[in-house]
Each structure stands twice: as structure tokens, then as C-alpha cells.
Amino acid sequence: MKIMGNMMSSLDRRLFLRQAGMLGLAASLPKFAHAQQTIDLGLPGGNGIRTLTQAGEFPQKSGDLILQRTRAPLLETPMSVFDEGVFTPNDKFYVRWHWADIPDSVDAEAFRLTVRGHVGKPLSLSLKELMALPRVEMAAVNQCSGNSRGFFAPRVPGGEWGHGAMGNAKWTGVRLKDVLDRAGVTAGAVQVRFNGLDQPTSQDGPDFMKSLGIDHARDGEVMIAYAMNGKPLPLLNGFPLRLIVPGWYATYWVKMLSDIEVLDRPDENFWMKTAYQIPDRPFATMKPGEQNVPTVPISKMLPRSFVTNIPADSKIAVGAPVKARGIAFGGDCGVKEVSFSTDDGQSWRSAKLGADEGKYGFRRWEAEFVLPERGAHTIKVRCTNAAGESQPDQPNWNGSGYMRSVIEAVAVEAV
Amino acid sequence: MKVLLVTLLAFGSIALAAEAPKSVKVDLSNPGPYFTGEGSDPVNSNCTACHSAEMVLAQPALSKAVWQSEVTKMMKVYKASVDEQDIPAIVEYLAKVRGNGS
């Protein structure tokens with residue numbers, strides 16, 4: 001279906017009905033399937049068609065999320081949701097789990113968060129005790145390390161996400177520092193390790209745990225959140241507690257956080273030492289096939305920006321004023337400027353920025369433009385963060401499909 | 001205007017967050033789809049204890065060597081309980097449904 005004009009839901013254009021059995025990949029019909037709606041993520045090399053969820057298919061989640069995997073759940077937020085506002089609704093917030101052994105219930109009275117290891121006084125905190133600590137709140141983007149992996153060229157194996165393995169929420173909780181201070185970190189502490197209630201589904205599989213350096217853990221910004229956009233977290237987003245590591249990729253934002261261990265040595269568990277490693281270079285980039293590239297654990301996010309109201313291949317009326325809008329984020333700092341181009345990046349002008357909801361969150365941008373001539377045009381948007389770092393012209397690449405940051409382009413046709 | 005409204009709503013609802021959350025019970029029992037078609041039996045019997053089929057079928061076209069390394073990774077790194085005798089058939093199936101011919 002083609003829609004003329006300039007304002008449309010991206011879903012309207014891209015959705016079409018298709019029998020799940022016609023995908024040609026022989027996926028058997030899941031429980032909810034009859035005729036299922038699908039979305040084409042437009043991935044290079046193809047295989048970008050995904051089923052959309054139906055309301056009720058996943059607990060506390062709306063329908064029309066992009067289904068990447070039922071078990072362990074991988075759900076992607078469609079770009080059209082980011083067009084609705086800078087805060088991503090809880091029921092549309094993306095979901096990513098490594099292991100499928102996720103508790104399907106949490107008793108709020110019985111739940112305890114333990115703090116142990118290199119501390120003077122180990123703690124076992126109820127939710128009420130935790131919530132008695134000073135309350136803080138912060139807007140922050142949670143983005144999967146592999147967000148946009150499906151756009152890597154050459155393609156790499158992994159979760160083949162479009163751009164929606166991210167979301168921005170207002171997180172409410174307590175400072176990790178306050179919890180650690182109550183336990184009394186003792187001299188010689190090096191890192192702090194975080195574990196949640198999820199468990200491996202294979203015998204001897206590596207339990208998912210992540211660690212932060214002791215100074216980072218005590219910086220006063222890292223939080224333990226008990227609410228997301230003013231409501232308890234959906235279970236699939238980490239109810240009842242989630243670690244918030246503003247500016248860092250979501251792999252560190254441990255869900256269903258139940259155990260904090262202060263370590264007197266660097267954490268050598270699989271998820272820190274082996275998994276989530278990136279090339280130790282600016283923008284984590286390397287050449288395909290390059291050998292012996294030094295690696296480090298993934299950490300800070302990079303600047304990104306997106307057009308949210310003009311899907312690829314839209315037809316736009318020649319000579320008519322059009323308002324483009326979208327979201328940007330600086331990565332590990334705020335947004336300084338968003339630039340907009342309608343000539344494939346040959347010329348740029350500043351977009352108008354929306355309200356600043358906090359340096360770690362999404363920032364709305366808007367720009368009005370006119371396409372004077374018929375034919376193909378390429379719209380681009382570029383974020384420069386407060387540290388002066390901009391999205392590059394050329395995409396970064398690594399074999400794990402982590403940390404995509406490039407000026408994203410939207411091909412349109414003026415008619 | 002819309003941004004402002006969203007902001008007000010977000011701040012307005014924050015005030016409700018001070019109460020301790022109530023217990024939650026949800027249904028996570030949907031196993032999701034299995035692998036189908038010729039040669040799928042060993043894939044289902046060895047792989048779906050840990051995950052449903054979709055993400056595997058959503059991979060780009062990969063060489064047989066890469067599929068072999070994926071199966072090896074599942075066994076060595078994630079300790080998947082895979083019957084050694086089934087490995088060639090699993091790799092064959094994956095290279096058939098999501099292979100690049102090499």
C-alpha cells in the first residue's frame with residue numbers, strides 16, 4: 001500500500017497481511033496465529049520480515065511489537081512508537097533475555113535484594129526497605145548492544161534487530177551508591193557484580209551476571225529502579241528491580257536484580273570476560289576478516305538519531321512543506337545539535353530541538369523542508385553530542401554486530 | 001506541545017511510584033514455534049529445550065562453516081545438551097533453510 005503525502009504511520013505502509021506459513025521458512029504456526037500481521041525491517045540482503053505480536057501474546061505488553069523470538073523473549077519496538085513521544089510506553093518497551101528460565105511470578109513481600117562480598121555488613125533488603133532510601137529519578141535510554149545488528153553489511157549472525165531494540169523511560173529508584181554505603185564497601189574492592197533471578201536453561205550454562213568498576217558503581221548516577229514511567233516495571237523488563245546504568249549499553253542493566261556482590265578482583269565470569277567484547281578502537285570498528293584485533297568489554301553508548309515519521313520509500317508531494325521529526329540521543333552525554341539534510345548529506349542545517357528531559361534520554365527534533373524537484377531524494381539526520389562527537393558518514397562494523405552508529409538515511413521519492 | 005503533554009503525564013504518574021509494588025504472576029508458558037520440514041527432528045530434539053525457532057530462521061544466509069560454529073558455540077559456551085551424533089544433521093538442516101550455498 002502506498003500512501004501519498006507526508007504524515008503517516010510507518011506501520012500503515014509497511015504492514016500487510018500474510019499467512020505465517022507463507023514465510024517460506026517453515027515456522028510452525030504459533031499458538032496465536034491465524035492470519036498474522038508482519039513488518040518488513042528492510043534489512044540488507046533480505047530476510048527482514050517479522051511477525052507482529054498480538055495483544056496478550058506477551059504479558060503486560062501491547063500488540064504490534066516486532067516478534068524476534070518467543071522463547072527466550074526478544075521483542076522489538078516499532079519505529080512508529082518513537083514518533084509518539086520521547087518516553088517509550090512500558091507496554092511497548094522492547095524486551096531481551098538471554099535465558100528462557102525467567103520466574104513467572106515475584107512475591108513482592110518475600111523478595112529480597114542481597115548485598116554481600118567485600119562489605120562490612122551484608123544486607124538482605126525487602127522492597128519496602130529499599131524504597132525507604134532517598135528516591136531519585138532519571139530519564140535514560142536503554143539500548144541493546146546489538147540494536148540495529150540487522151543493518152550490518154556484511155551481515156553478521158545474532159539477534160537480527162531493526163532499530164527498535166531501545167527505549168527511553170523515566171526511571172525511579174535509589175542510588176546504587178546509597179545501597180553500597182549502607183553495606184559498607186571495604187578497602188580493596190575492585191568491581192561490583194550484579195545477578196538477577198533468571199537462570200540458564202542448560203546444565204552448567206553460564207548464569208547471566210554483569211559487573212561495573214567500583215568507582216562507576218559509586219558515582220551516584222547508577223540506580224536501582226523500582227519504577228519505569230511511574231509504574232512498576234513489566235516483568236519482562238525486570239520486575240521488581242532493575243539496574244540502571246545511564247549512558248551504557250543495556251547488557252549492564254541487569255533485570256530482576258536480586259544479588260549484588262562486591263568483588264576484590266576483576267570479574268572473570270563469561271558475560272564479562274568473553275561475551276560482549278568490542279574492538280578496542282573508536283566506534284568499535286574493524287574490517288571484516290581482520291584478525292587479532294584487541295578487544296575490551298562494551299561500555300558507553302554512541303550518538304544516534306532517527307527520523308520517526310517518514311518511513312523509507314515514502315512518496316512526498318513536490319513543493320509542499322513537510323515536517324520531519326524524530327529522536328536523538330547523545331550516547332553517554334546529552335545532545336548538542338541535530339542536523340538535517342535532504343540532499344544525501346551534501347548540505348546540512350540545524351533541526352529544532354524539543355524539551356531537554358535529561359542528558360541520558362531521547363531528545364525530540366523537528367525540521368521543515370520542501371523537495372523542489374521530482375525524483376529520488378535521500379533524507380539524513382545527524383546527532384552531535386555534548387562531547388562534540390557526531391554520527392559518522394560511514395557505518396562502523398564488527399563481527400558481533402555491536403554499537404551501530406552511522407548517519408541513517410531515508411530514501412524518499414518526490415512526486 | 002505533545003512533548004510537553006507527555007512530560008506532564010510522566011511527572012504526574014511518578015507520584016504514584018512510592019508504594020511498594022504488588023506481587024506479579026504472568027504466563028510465560030508459550031513455547032513458541034518449533035522447526036518444521038524435512039530434517040527438522042534432530043534440530044527440535046537438541047535445540048528447542050533452550051529456545052524457539054524464530055531467531056534462528058531470521059538469520060541472514062550463512063555458510064555451512066558459520067552454522068557449524070554456531071552449533072559448536074551453543075555446546076561449548078552455553079553448554080547445550082546436544083547429541084554429538086546429531087551435529088551433522090543439525091548443521092545440514094540449518095545450511096539448507098538459511099544457507100548461502102557455501
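Per chain, numbering begins at 1; letters A, B, ... match sequence-line order.
Chain B forms the most heavy-atom pairs under 4.5 Å with one residue out of Thr201(A), Leu236(A), Leu233(A), Asp101(A), and that residue is Thr201(A). Interface summary for chain A: among His51(B), Gln59(B), Lys22(B), the most heavy-atom pairs under 4.5 angstrom belong to Gln59(B). The most heavy-atom pairs under 4.5 Å with chain B, out of Pro206(A), Gly159(A), Gly45(A), Gly158(A), come from Gly158(A). By number of non-hydrogen pairs under 4.5 angstrom with chain B, the leading residue of Thr274(A), Leu127(A), Leu235(A), Leu74(A) is Leu235(A).
In this structure, Phe270(A) and Tyr78(B) have perpendicular ring planes: the angle between them is above 60°, well past the 30° mark.
Between Met55(B) atom CE and Arg71(A) atom CZ the span is 13.5 Å, to the nearest 0.5 Å. The distance from atom SG of Cys50(B) to atom NE2 of His98(A), rounded to the nearest 0.5 Å, is 13.5 Å.
The two residues Ala58(B) and Glu160(A) make their nearest non-hydrogen contact at O-CG, 3.4 Å.
Counting only heavy atoms from C-beta outward, the side chains of Pro21(B) and Met131(A) approach each other to under 4.5 Å. Side-chain contact between Pro232(A) and Val24(B): absent, with no pair of heavy atoms (C-beta onward) separated by less than 4.5 Å. Taking the side chain as every heavy atom from C-beta outward, Leu28(B) and Pro59(A) approach each other to under 4.5 Å.
Heavy atoms of Val56(B) lying under 4.5 Å from chain A are absent altogether. If you measure heavy-atom distances from Ser40(B) to chain A, you find no contacts under 4.5 Å at all. Proximity to chain B involves both the backbone and the side chain of Ile102(A), based on heavy atoms less than 4.5 angstrom apart. Contact of Pro200(A) with chain B is not made at all, since no heavy-atom distance falls under 4.5 Å. Only the backbone of Pro103(A) comes within less than 4.5 Å of a heavy atom of chain B; no side-chain atom from C-beta onward does.
Atom CD of Glu92(B) is surrounded by 12 or fewer heavy atoms from other residues, nucleotides or ligands within 6.0 Å. No more than 12 heavy atoms of other residues, nucleotides or ligands sit less than 6.0 Å from atom NZ of Lys273(A). Other residues, nucleotides and ligands place no more than 12 heavy atoms under 6.0 Å from the NZ atom of Lys352(A).
Put simply, the side chain of Ser52(B) never gets that close to the backbone of Arg69(A): no donor and acceptor are under 3.5 Å apart. With Asn47(A) contributing its side chain and Pro60(B) its backbone, the two residues share no donor-acceptor pair below 3.5 Å.
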message = Under the criterion side chain to side chain donor-acceptor pair (under 3.5 Å), I'd like the reasoning laid out for Glu54(B) against Thr70(A): C-alpha separation, chi angles, the key distance, then a yes or no.
response = CA-CA 7 Å; Glu54(B) 302 103 318; Thr70(A) 302; 2.4 Å; yes
